[in-house]
Amino acid sequence: MHKKFDSTQIEKKWQERWKESGIYTVGERDVTKPKEYVLVEWPYPSGNLHIGHWYAFAVPDIYARFKRMKGTQVLFPMGFDAFGLPAENAAIKRNLDPKAWTNDNIAYMREQLISMGCSFSWDKTANSTDADYYKWTQWMFTQFFERGIAYRGKGVVNWCPGCNTVIANEQVLTDGTCERSGDVVEKREMPQWMLKITEYADRLTDDLNALDWPEHIKEAQRQWIGRSRGAKIDFKLSTGDTVTVFTTRPDTLFGATYVVLAPEHPLLQNDKVRGETSNLTEVNNYITTAKQKDEQDRLDATKEKTGVKLEGITAINPASGEAIPVYVADYVLGGYGTGAIMAVPAHDERDYAFATKFGLPIKQVVVPCANDSKNPPQSGYEEVKRDTVIIHLRDKSTGKFALLNWHGTLEGITTAIMGGIEEGQTPEEAALAEIKEEAALDNVKIVHSLKWITAAKYCASHKKQNRCAHTYTFLGEVENLEQQGSIPEAENSLHTLVWVEKTQVLAKLTPDHQKQVWELLQKDTVLTGAGYLMNSGEFNGMDSDEAKEKIVAQVGGEMTSTYRIRDWSIGRQRYWGVPIPIVYSPEGVAHIVPKEHLPWVLPEDVDFKPTGVAPLAKSEALRKRTEEIFGVGWTPEVETMDTFVDSSWYFLRYLDNANPDSLSSLEAQKNWMPIDIYFGGAEHTTMHLLYSRFWQKALFDLGLVTETEPYRRRINRGLILGPDGNKMSKSKGNVIDPDAQVALVGSDTVKMYLAFMGPYEGSNYPFDLGGIAGLRRFLERAYGLRDHIIPNEPLTVTKQLHKTIAKVNTDIVEFKFNTAISAMMIFVNLAEKEGLTEETYRMFTRLLAPFAPHITEEIWTELGETTSIHLTEYPTANPELARDTEVVIGVQINGKLRGDITLSPNASEAEALNMVKENPVLRTRLEGITPNKVIYVPGKIINLILPT
RNA sequence: GCCGGGAUGGUGUAAUCGGUAGCCACGCAAGACUUAAAAUUUUGUGGGCGCAAGCCCGUGCGGGUUCAAGUCCCGCUCCCGGCACCA
């Protein structure tokens, strides 16, 4: 029965009682219990909680409450990430003090957060703008500075004209706009405060492996860090200078036919190089134009390659000893690798495009091996092994490759190639005829016109598993290619036969399947994969992987890694942030502000209107303070820190938030770290999540933290969309105000609705005003269940209760709150119809408590209890009762569903067959027929195969 | 282009060690209650044929494996997210 309740009154009452009794106060670590550190990303105090905050905090609260009732000591803190631009912009607009604005917002949002009824650990809160907090932010910075992790760098930075400040690479979106303001970001050259995240790139990549994070998040971080392994190789220039290139394919060194420098490359400013360049004006013009191009243009991969040759200058290929030309071209980036490449047009598409345009030689040095991970053995396909023959051809006129790929018999292709040519037949016709005959296929065609095939015979030997190596024999011409070192070309041929290779695939090949697989592929691409070397002197025939290191060693290069990630620029030319605790001596040397002068307080006498000049430069108080402490002529650093710095360590401060002597004691960390589960938004995957991992590692190296990784698990939630399915925005008028919803249906309902929409991880869901009403109805029915209490309930109800308990217990830990709620709904539907005992009602109410903390507390009291339901133990299912004693299984006849039978899940096949025979509907179908075969899966299905 | 994740009723979703597809909720339709509406409640609700029993079709598309496929395999299409002249 539906029983209305006054959610506003009930929720207010319980929120007050919880506050009075302090039941969510964590206090000291209780070592008799296991710990669970549940972290949600701390909010920016923008002034109002939006529905996204509810999704971010209230749903994880289910998990926190569940764990607490399970007997775990749960830390579930909440705080405020309160520095940043919105406060400053609001202050500019309304002419107020950012501090006052921020503090007002925090006070208001705290009340709103309390109205959510979440079990936050308010005794473990933090606020990044408290001097007690940012004192430590500053102190850590000084420690990093002393160890070279923080440094004053120079370089091209991202300048956001909207924010009037420098921003980090991570804050620039793919379309070149600012993550915060949406303005198009400009490139500017200026000195910058940087953190050496690049020095941690390897650890940040490697340590991902051990984390229990969703693979897609790890992968996104790996890509962002962008480690690629390769080699640095020196090329001597005719000027006597050396240019170091970075390549991931040192195995193709013999195929390097020219060298390219990025327009930013320092050698281009080298006097000797400039002196010997006969077309210097042209080169200079190119460099100037390239630098003026905006980032967008330059990164457009589809545009045609441009570049200019440095006339009069050559480089020596250290492997072949050949003199090769040197170019400057903007397809090589100054900021990646060494800013210079060796170009191998035969095996790199960009080099190929450039070489074709400028008429540069293309020299193939690797024969690709087609049998790679593309066709891994599939389970279930082991039975039949078939040989595969792949014929590689190269079109002489275009330099492009063709690939004939045939899954057939080895003998077939050999015959085809060797077989006699009948009168009037072209060689390819002869080959086709043979292939068709051998493989009994008829849809065979050659898409690439073969004028001649030089090969006649090959043999294959296997060097490695799943990889083939080749010994090649060319009829009448070459006995063994490995010895020969190059591929002979047949006269009069349009194509060079590049390779014939034998591999094996594990597959069942029916004639139909063969037809599918039987494709003659025309590959219009440059072959970029690994394989075996050719045209590479002593390395011919060597596997590319092996050749990489050997060639590098031979030419005195160095195996190394390079990264996509750049150092983190943290200086901001804005007011409302942590002042960088650096002062400059009269000579302009940077010194840290020592610990006794921390916090290095943000001055208040500042005109923070954005002019492009750092506002702190205008502070008289800061200037005076600096001179008083350090001496006349000393000047303060006037930049503040990126707010991502504040959030890089807040989870440590939560643990020990009143500690005046340390950012967070090691003891507190030993008690609580690492964070067991971190709930947050997908937008932080490559920003906050990466920065804070870096920060943690840097602290670890200083002995200030106990863990190398802060977050053991991570869940990225989705977005709550407007009812129209669009992202909520004021302009679209589709914003749902959580306060209004709470006033209407109560916070329990809003929370449960958000949890019910779908799995917590991943997807975005539209907010449906009808859907939320359904959850309110559910709670009213759960509340009204009391009127269905009977002295003795049917066994079905007891069993359903225990099944529900089992389901909810497993679903919560998998963050599948939606199916947990669905299970509880099923229980209420049944209990309403059948009635339930008071004992069952109590169990159910406790089961529901983490989801609907207020109304369950109310029910608990009405049942005569005087202590909080949230201090009770979470129900555990009785496995006996949760198990089904009878199941309905489907009956299939020849694989088609024809009815069902009800029986014990343990019933034997004979019993099941009897049930089928006794079933009035099914019986008629089986009259006088003995099935050929019976497939019976207890508890699942029975399938009878009848003779046809 | 590369990497990751998806596609199931009118909607959000459920069911993946292959075993009765559509649980739960929303919406919709009809009935009850009501002067009426709201609220509540009962029934129905993937599509098609049929009075019914029942039959056929159905999880983005095309094939395949299997007694049995939303689930596995091969080949596509589209959508979402990340990266992208990264050597």
Side-chain angles (χ1 to χ4, degrees), chain A residues 1-2 4 174 214-224 226-228 230 245-249 252 260 262 298-303 305 329-333 335-344 348-351 353-354 375 378-381 507-508 510 512-513 515-517 519 525 562-564 682 685-686 716 718 725 753 756-759 762-775 777-778 780 816 818-819 821-826 829 887-900 921 931-937 939-945:
Chain A
M1 190 176 133
H2 215 86
K4 301 265 176 207
T174 339
E215 202 47 47
H216 71 271
I217 304 181
K218 294 198 213 177
E219 199 47 43
Q221 289 211 350
R222 281 189 200 109
Q223 262 187 57
W224 185 266
R227 174 168 67 192
S228 48
V245 304
F246 175 77
T247 177
T248 54
R249 293 293 304 278
T252 63
V260 188
R298 216 172 133 187
L299 291 180
D300 183 3
T302 58
K303 69 155 195 188
K305 300 269 177 293
D330 67 4
Y331 82 92
V332 174
L333 308 174
Y336 184 76
T338 59
I341 62 157
M342 62 178 215
V344 186
D348 182 282
E349 288 183 33
R350 295 152 301 179
D351 296 343
F354 190 84
N375 272 323
Q378 302 299 332
S379 62
Y381 276 70
K508 272 189 181 173
T510 64
D512 264 0
H513 194 204
K515 276 182 199 170
Q516 253 179 36
V517 175
E519 269 174 23
T525 63
T562 187
Y563 307 89
R564 199 196 80 98
T685 301
T686 50
N716 278 4
Y753 172 62
F756 184 66
M757 288 190 299
S763 317
N764 304 333
Y765 306 102
F767 193 97
D768 175 17
L769 294 161
I772 194 169
L775 271 295
R777 277 199 281 273
F778 165 71
E780 287 175 357
K816 281 153 63 175
N818 56 330
T819 46
I821 293 170
S822 161
M824 289 188 286
M825 287 172 166
I826 293 168
N829 290 345
V887 287
V888 180
I889 70 167
V891 179
Q892 293 183 345
I893 292 171
N894 293 328
K896 281 203 180 280
L897 185 73
R898 291 300 179 211
D900 51 47
V921 178
N932 278 352
K933 195 175 172 189
V934 176
I935 295 117
Y936 172 60
V937 184
K940 300 279 187 188
I941 204 149
I942 182 162
N943 190 0
L944 313 178
I945 310 305

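Here is the naming used below: chain letters follow the sequence lines, and residue numbers restart at 1 for every chain.
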[X] vs [N]: side-chain N/O to OP1/OP2 distance below 4.0 Å:
{"X": "N818(A)", "N": "G12(B)", "answer": "no"}
{"X": "R777(A)", "N": "A25(B)", "answer": "no"}
{"X": "S763(A)", "N": "C80(B)", "answer": "no"}

- Since syn is defined as within 90° of 0, does G5(B) count as syn or as anti?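 Judged by the O4'-C1' to base torsion, G5(B) sits in anti, the angle falling more than 90° away from 0.
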- Message: Go through it in stages, so that I can follow the logic: the residues are I341(A) and T247(A), the test is side chain to side chain contact (heavy atoms under 4.5 Å, CB included), and I'd like the CA-CA distance, side-chain angles, deciding distance and then a yes or no.
- Response: CA-CA 7 Å; I341(A) 62 157; T247(A) 177; over 6 Å; no
Watson-Crick or G-U counterpart of [N], or none if no pair lies under 3.5 Å:
{"N": "A21(B)", "result": "none"}
{"N": "C86(B)", "result": "none"}
{"N": "A68(B)", "result": "none"}
{"N": "G10(B)", "result": "C26(B)"}
{"N": "G50(B)", "result": "none"}
{"N": "G4(B)", "result": "C80(B)"}
{"N": "U40(B)", "result": "A32(B)"}

Expressed as a whole number of Å, how far does the [atom1] atom of [N] sit from that of [M]?
{"N": "A38(B)", "M": "A29(B)", "atom1": "P", "value": "12 Å"}
{"N": "U11(B)", "M": "G48(B)", "atom1": "P", "value": "15 Å"}
{"N": "G12(B)", "M": "C67(B)", "atom1": "C1'", "value": "36 Å"}
{"N": "U16(B)", "M": "U8(B)", "atom1": "C1'", "value": "13 Å"}
{"N": "C3(B)", "M": "G70(B)", "atom1": "P", "value": "28 Å"}
{"N": "A53(B)", "M": "G46(B)", "atom1": "P", "value": "15 Å"}
{"N": "G81(B)", "M": "C74(B)", "atom1": "C1'", "value": "26 Å"}
{"N": "C76(B)", "M": "G1(B)", "atom1": "P", "value": "12 Å"}

Round to the nearest Å and state the distance from [X] atom [atom1] to [N] atom [atom2].
{"X": "N764(A)", "N": "G5(B)", "atom1": "CG", "atom2": "P", "answer": "17 Å"}
{"X": "D351(A)", "N": "C85(B)", "atom1": "CG", "atom2": "P", "answer": "15 Å"}
{"X": "L775(A)", "N": "U11(B)", "atom1": "CG", "atom2": "C1'", "answer": "15 Å"}
{"X": "L897(A)", "N": "A21(B)", "atom1": "CG", "atom2": "P", "answer": "5 Å"}
{"X": "I341(A)", "N": "C85(B)", "atom1": "CD1", "atom2": "C1'", "answer": "9 Å"}
{"X": "D900(A)", "N": "G54(B)", "atom1": "CG", "atom2": "P", "answer": "11 Å"}
{"X": "Y765(A)", "N": "C80(B)", "atom1": "OH", "atom2": "P", "answer": "17 Å"}
{"X": "I772(A)", "N": "G12(B)", "atom1": "CD1", "atom2": "P", "answer": "18 Å"}

- Query: Given the rule in the side chain to side chain contact (heavy atoms under 4.5 Å, CB included) test, do I945(A) and I935(A) qualify, once you have shown the distances and angles that lead to the verdict?
  - Reply: CA-CA 8 Å; I945(A) 310 305; I935(A) 295 117; 4.2 Å; yes
Which nucleotide sits closest to the side chain of [X]: [options]?
{"X": "L333(A)", "options": "C3(B), U40(B), A87(B)", "answer": "A87(B)"}
{"X": "K896(A)", "options": "U20(B), A14(B), C56(B)", "answer": "C56(B)"}
{"X": "Y336(A)", "options": "C24(B), C3(B), C86(B)", "answer": "C86(B)"}
{"X": "R898(A)", "options": "A87(B), C24(B), C55(B)", "answer": "C55(B)"}
{"X": "W224(A)", "options": "C85(B), A87(B), C83(B)", "answer": "C83(B)"}
{"X": "N943(A)", "options": "C26(B), G12(B), A68(B)", "answer": "A68(B)"}
{"X": "F756(A)", "options": "C55(B), A25(B), A14(B)", "answer": "A25(B)"}
{"X": "V332(A)", "options": "A15(B), A87(B), C86(B)", "answer": "A87(B)"}
{"X": "M825(A)", "options": "G19(B), C85(B), C24(B)", "answer": "C24(B)"}
{"X": "D348(A)", "options": "C67(B), A87(B), G82(B)", "answer": "A87(B)"}

Could you give the distance from [atom1] ([X]) to [atom2] ([Y]), rounded to the nearest 0.5 Å?
{"X": "L944(A)", "Y": "R898(A)", "atom1": "CG", "atom2": "CZ", "value": "12.0 Å"}
{"X": "I772(A)", "Y": "F767(A)", "atom1": "CD1", "atom2": "CZ", "value": "3.5 Å"}
{"X": "Y936(A)", "Y": "N943(A)", "atom1": "OH", "atom2": "CG", "value": "13.5 Å"}
{"X": "F246(A)", "Y": "T338(A)", "atom1": "CZ", "atom2": "OG1", "value": "8.5 Å"}

Is [X] touching bases, backbone alone, or none of the nucleic acid, heavy atoms closer than 4.0 Å?
{"X": "G771(A)", "value": "sugar-phosphate"}
{"X": "I826(A)", "value": "sugar-phosphate"}
{"X": "G774(A)", "value": "sugar-phosphate"}
{"X": "N829(A)", "value": "sugar-phosphate"}
{"X": "V260(A)", "value": "nothing"}

- Message: Need to verify one output field. Residue with the more 5' nearest nucleotide on RNA chain B, H216(A) or G939(A)?
- Response: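 It is H216(A), whose closest nucleotide lies nearer the 5' terminus.
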- Given that S822(A) and K816(A) both sit by RNA chain B, which one's nearest nucleotide is further toward the 5' end?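 Nearest nucleotide further toward 5': that of K816(A).
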- Message: What I'd like to find out is whether the side chain of L775(A) reaches to under 4.5 Å of the side chain of I821(A), using heavy atoms alone.
- Response: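 In short, these two side chains touch, coming nearer than 4.5 Å.
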- Query: Any ion pair linking E780(A) and R777(A) (charged N to carboxylate O, less than 4.0 Å)?
  - Reply: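 Judged by the 4.0 Å cut-off on N to carboxylate O distance, R777(A) and E780(A) do not form a salt bridge.
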- Can a donor-acceptor pair be found between the side chains of Y331(A) and D351(A) at a distance below 3.5 Å?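 Side-chain D/A pair, Y331(A) to D351(A): present.
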- Item | Side-chain donor/acceptor of Q223(A) to base of G82(B), under 3.5 Å |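 Pair found.
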